[in-house]
Amino acid sequence: MASLEVRNAVKAAVISAASPIDVFDLSDYVTLDECLGDVTSEAVLIQYIASDENIQTIGGYGNQGYEETDSVALHYMVPTGFDSSPTVATGDSIREDLRGQRLTSDITVESVSPFIDMPSGLYGGAWHGWVSNLFIVRRDCG
């Protein structure tokens, strides 16, 4: 599970990058209907996939810190049955805004993959999803 500091920083950055699109943290919902029930156009869903933390020696013996690495999926949801060109352009804009960002003094976005097209069946017939993976690093220098 990603730390609260990482979660807060990622959510703030995604809200800023995706504005004015609605953003939902999937950790707060059980089903897609709960977060997308009132959404009629598009939304971005944040899913924390995997995390790890390792001790790191920074500047020599006795200066141990920790490095947290997180994988975060962004699901860009749009209604089915529309041309993909505007969706791809918006996804690229979100990705370009996030990549390489220093979210806080300790947290950076190391990489953001291009959004990939996911089959509609994964999200229910009304929604078509596109997914991008963010690789986040948080360095706690002890």
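All figures in this text were calculated on a predicted structure; none of them were measured in a lab.
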Just so I know, are the side chains of [X] and [Y] near enough to count as touching, which here means a heavy-atom distance under 4.5 Å?
| X | Y | answer |
| --- | --- | --- |
| W130 | T87 | yes |
| I136 | V109 | yes |
| C35 | L45 | yes |

For [range], which residue pairs qualify under salt bridge (Lys or Arg N to Asp or Glu O under 4.0 Å), counting only residues two or more places apart or in two chains?
| range | value |
| --- | --- |
| residues 73-88 | none |
| residues 91-105 | D92-R95 |
| residues 25-40 | none |

Rounded to the nearest 0.5 Å, what separates atom [atom1] in [X] from atom [atom2] in [Y]?
| X | Y | atom1 | atom2 | value |
| --- | --- | --- | --- | --- |
| E5 | E68 | CD | CD | 8.0 Å |
| L26 | I46 | CG | CD1 | 8.5 Å |
| S3 | D106 | OG | CG | 10.0 Å |
| M77 | S41 | CE | OG | 12.5 Å |

Atom of [X], atom of [Y] and distance for their closest heavy-atom approach:
| X | Y | answer |
| --- | --- | --- |
| S27 | Y48 | OG-CD1, 3.9 Å |
| Y76 | G91 | CE2-N, 4.0 Å |
| A2 | S51 | N-OG, 3.2 Å |
| S113 | S132 | O-OG, 2.5 Å |
| F115 | L74 | CE2-O, 3.7 Å |
| H128 | T80 | N-CG2, 3.6 Å |

Joint cluster assignment, V72 & L103, ILVMFWY side-chain distance < 4.5 Å: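 Yes, it is one cluster - the side chains of V72 and L103 are joined through contacts under 4.5 Å.
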Can you pull the ring-ring contact (aromatic ring centres under 6.0 Å, His included) pairs that have at least one residue in residues 9-46, sequence neighbours excluded?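 Sorted pair list: F24-Y29.
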Tell me every residue that passes side-chain hydrogen bond (donor to acceptor under 3.5 Å, both in side chains) with [X], counting only those two or more places apart in sequence or in another chain.
| X | result |
| --- | --- |
| Q101 | none |
| N8 | none |
| T69 | none |
| E53 | none |

Once side-chain contact (heavy atoms from CB on, under 4.5 Å) is applied, do any residues pair with I49, and if so which ones, sequence neighbours excluded?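 I49 satisfies side-chain contact (heavy atoms from CB on, under 4.5 Å) with Q47, S71, A73, N133 only.
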List, by chain and then residue number, the residues other than L4 in its hydrophobic cluster (Ile/Leu/Val/Met/Phe/Trp/Tyr, side-chain heavy atoms under 4.5 Å); write none if there are no others.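 Joined to L4, directly or through intermediates: none.
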For residues 12-23, which side-chain N or O atoms pair as donor and acceptor with protein atoms under 3.5 Å away, sequence neighbours left out?
none

Would you please name every residue forming a ring-ring contact (aromatic ring centres under 6.0 Å, His included) with F135, sequence neighbours left out?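 For F135, no residue satisfies ring-ring contact (aromatic ring centres under 6.0 Å, His included) once neighbours in sequence are set aside.
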Is E110 salt-bridged to R139, cutoff N-O under 4.0 Å?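 Salt bridge flag = yes for R139 with E110.
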